[in-house]
Structure formats: structure tokens, C-alpha cells
Amino acid sequence: MGFLKSPVFIACMLVFSMALCCNAQNSRQDFLDAHNAARAAVGVGPMTWDTTVEAYAQNYANRRAADCSLTHSGSFRFGYGENIAAGGGPLTAKSAVAMWDAEKRYYHHASNSCSAPAGQSCGHYTQVVWRKSVKLGCARVKCANGAGHFVTCNYSPPGNFNNEIPY
């Protein structure tokens with residue numbers, strides 16, 4: 001039996017292919033594209049990826065991997081805005097940003113107000129499209145408790161200041 005037909009080689013290729021599949025949907029570019037599409041929809045310029053912001057996001061995601069609790073990191077102290085999400089299905093870069101962007105339906109730009117029902121908000125959406133937030137760093141980890149994935153995105157400078165319009 002040739003090496004290319006061996007069970008070990010085939011198993012290794014399957015694992016490698018699965019890793020490429022899953023990481024391909026969660027790259028830096030996937031996070032950027034999803035954010036920049038939401039921003040372009042309301043006339044806001046694109047963000048750029050920042051490795052310092054990414055390092056902050058990755059450090060916090062690693063800390064949350066054990067429980068995937070939807071607890072914010074306190075990023076504002078460090079000069080970052082933050083959006084977090086957790087869940088299965090699987091939770092990808094695109095689907096996490098899509099959840100945040102879906103809050104757009106509750107946001108009223110003309111009055112800079114939010115009419116979200118209980119349990120909903122607009123703050124994730126307004127952070128995604130905050131004009132002054134121009135640097136992005138995100139991370140995604142698998143939940144050790146089997147609850148799917150935890151995603152965090154951090155924004156520099158932060159947004160969501162009272163009495164300021166995001167765009």
C-alpha cells in the first residue's frame with residue numbers, strides 16, 4: 001500500500017481539511033469583511049485590522065474558553081469598545097457580526113434612539129458602525145463546556161458614547 005493511500009495519511013488529510021474549513025470562515029478578513037459591509041451600508045468607511053487589538057481580543061477569548069460566559073472584559077479601561085457573542089450552530093465570524101448588525105432594525109438614526117424590546121439592544125450594532133472606531137481585532141475560541149464558540153471583537157477607539165451619533 002502506498003503512503004498516499006495509507007489510513008494514517010487519509011486521516012491526517014481529513015483533520016487538515018476540517019481545520020482549513022473551519023478557520024477559513026473565521027479569518028481576520030472574514031471579520032473585517034462582515035464589519036465593513038455593515039459600515040458601508042450606512043456610508044461609514046472601512047475599518048482596518050490591528051494586531052494589538054487582536055492580541056487583546058485573543059487574550060480575553062482564551063480566558064472565556066472555559067465557560068464561554070457572556071461577560072465583558074472591561075475593555076473600555078484599555079481604550080477599546082467590545083462586542084461578544086457565544087453559541088453554536090456554528091458561531092462564525094460572519095454569523096456573530098450578523099447578529100450584532102441585526103440590531104439595526106431597532107436603531108433610529110434620525111433620533112439616535114433605540115426601541116429594542118426587552119432582552120435586545122442596539123449597542124452592538126452601533127459599535128459595529130461607529131464612525132470613529134477604525135481599528136478592529138477579533139478572536140474566536142471553542143467552548144470547553146460544549147456550548148459552541150465564544151467570539152469577541154474589540155474596537156479602537158471605542159464607540160457608544162452618550163449623546164453622540166454613530167454615523
Side-chain angles (χ1 to χ4, degrees), residues 15 18-42 44-104 106-107 114 116 118-162 164-167:
V15 169
M18 288 172 58
L20 283 178
C21 158
C22 297
N23 288 335
Q25 296 177 17
N26 300 293
S27 70
R28 293 172 174 175
Q29 197 61 52
D30 293 323
F31 280 109
L32 266 175
D33 289 348
H35 277 83
N36 288 336
R39 293 166 69 88
V42 293
V44 175
M47 302 182 96
T48 59
W49 194 262
D50 186 279
T51 56
T52 302
V53 181
E54 175 189 25
Y56 179 88
Q58 188 66 61
N59 181 54
Y60 187 64
N62 292 343
R63 289 181 30 214
R64 285 273 66 95
D67 61 9
C68 287
S69 171
L70 286 174
T71 304
H72 283 280
S73 70
S75 63
F76 202 78
R77 298 182 306 232
F78 303 100
Y80 300 132
E82 182 173 77
N83 280 338
I84 57 176
L91 184 63
T92 64
K94 185 176 180 179
S95 64
V97 178
M99 282 192 318
W100 302 326
D101 186 44
E103 293 176 0
K104 179 180 184 176
Y106 306 127
Y107 179 68
C114 181
Q120 299 292 324
S121 72
C122 296
H124 303 101
Y125 167 70
T126 54
Q127 177 58 82
V128 167
V129 298
W130 197 265
R131 181 181 306 278
K132 294 177 186 175
S133 294
V134 294
K135 296 178 184 177
L136 178 68
C138 301
R140 176 182 179 267
V141 294
K142 186 174 175 105
C143 300
N145 63 4
H149 292 89
F150 179 86
V151 172
T152 180
C153 287
N154 292 99
Y155 307 83
S156 178
N160 286 338
F161 290 96
N162 289 333
E164 286 192 31
I165 295 175
Y167 55 90

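Quick caveat, the model's predicted, so the values are computed rather than measured.
Applying the ring pair (Phe, Tyr, Trp, His ring centres under 6.0 Å) test to His35 and every residue at least two apart in sequence or in another chain returns Tyr155. When the side-chain hydrogen bond (donor to acceptor under 3.5 Å, both in side chains) test is applied to Asn160, the partners found at least two apart in sequence or on another chain are Thr126. Residues that satisfy the side-chain hydrogen bond (donor to acceptor under 3.5 Å, both in side chains) test with Thr92, not counting sequence neighbours, are Ser95. For His149, the side-chain hydrogen bond (donor to acceptor under 3.5 Å, both in side chains) partners are Arg140, not counting sequence neighbours. Scored by the side chain to side chain contact (heavy atoms under 4.5 Å, CB included) test, Ala102 finds Arg105 as partners (sequence neighbours excluded). When the side chain to side chain contact (heavy atoms under 4.5 Å, CB included) test is applied to Ala139, the partners found at least two apart in sequence or on another chain are Ala57, Gln58, Ala61, Thr152. Take Ala116 and apply the side chain to side chain contact (heavy atoms under 4.5 Å, CB included) test, not counting sequence neighbours, and it matches Tyr106, Cys114, Gln120.
Not one N or O on the side chain of Asn154 forms a donor-acceptor pair closer than 3.5 Å with the backbone of Val53. In this structure, Asp101 contributes its side chain and Ala98 its backbone to no donor-acceptor pair below 3.5 Å.
Among pairs with a residue in residues 64-88, those fulfilling salt bridge (Lys or Arg N to Asp or Glu O under 4.0 Å) read Arg64-Asp67, at least two apart in sequence or across chains. Each side-chain hydrogen bond (donor to acceptor under 3.5 Å, both in side chains) pair with one or both residues in residues 44-53, not counting sequence neighbours, appears once here: Trp49-Glu54. Residue pairs meeting the ring pair (Phe, Tyr, Trp, His ring centres under 6.0 Å) criterion with at least one member in residues 53-77, sequence neighbours excluded, are Tyr56-Phe78, Tyr56-Tyr80, Phe76-Phe161.
One distance of note links CE of Met47 with OG of Ser156; it measures 8.5 Å at 0.5 Å rounding. Atoms CZ and CG, on Phe150 and Leu70 in that order, are 6.5 Å from each other to the nearest 0.5 Å. Expressed to the nearest 0.5 Å, how far OG of Ser27 lies from CG of Asp33 amounts to 7.5 Å. Put simply, CG on Asn83 and OH on Tyr125 are 12.5 Å apart, with the number rounded to the nearest 0.5 Å.
Between Cys138 and Leu136 there is a side-chain heavy-atom pair separated by less than 4.5 Å. By the 4.5 Å heavy-atom criterion applied to side chains, Tyr107 and Val42 are not counted as neighbours.
Scanning all heavy atoms of the two residues, the minimum distance from Cys68 to Ala86 falls at O-CB, 3.7 Å.
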Residues 128-135, side-chain donor-acceptor partners within the protein, below 3.5 Å, at least two apart:
{"from": "Ser133", "atom 1": "OG", "to": "Gln127", "atom 2": "NE2", "distance (Å)": "3.0"}
{"from": "Ser133", "atom 1": "OG", "to": "Pro157", "atom 2": "O", "distance (Å)": "2.5"}

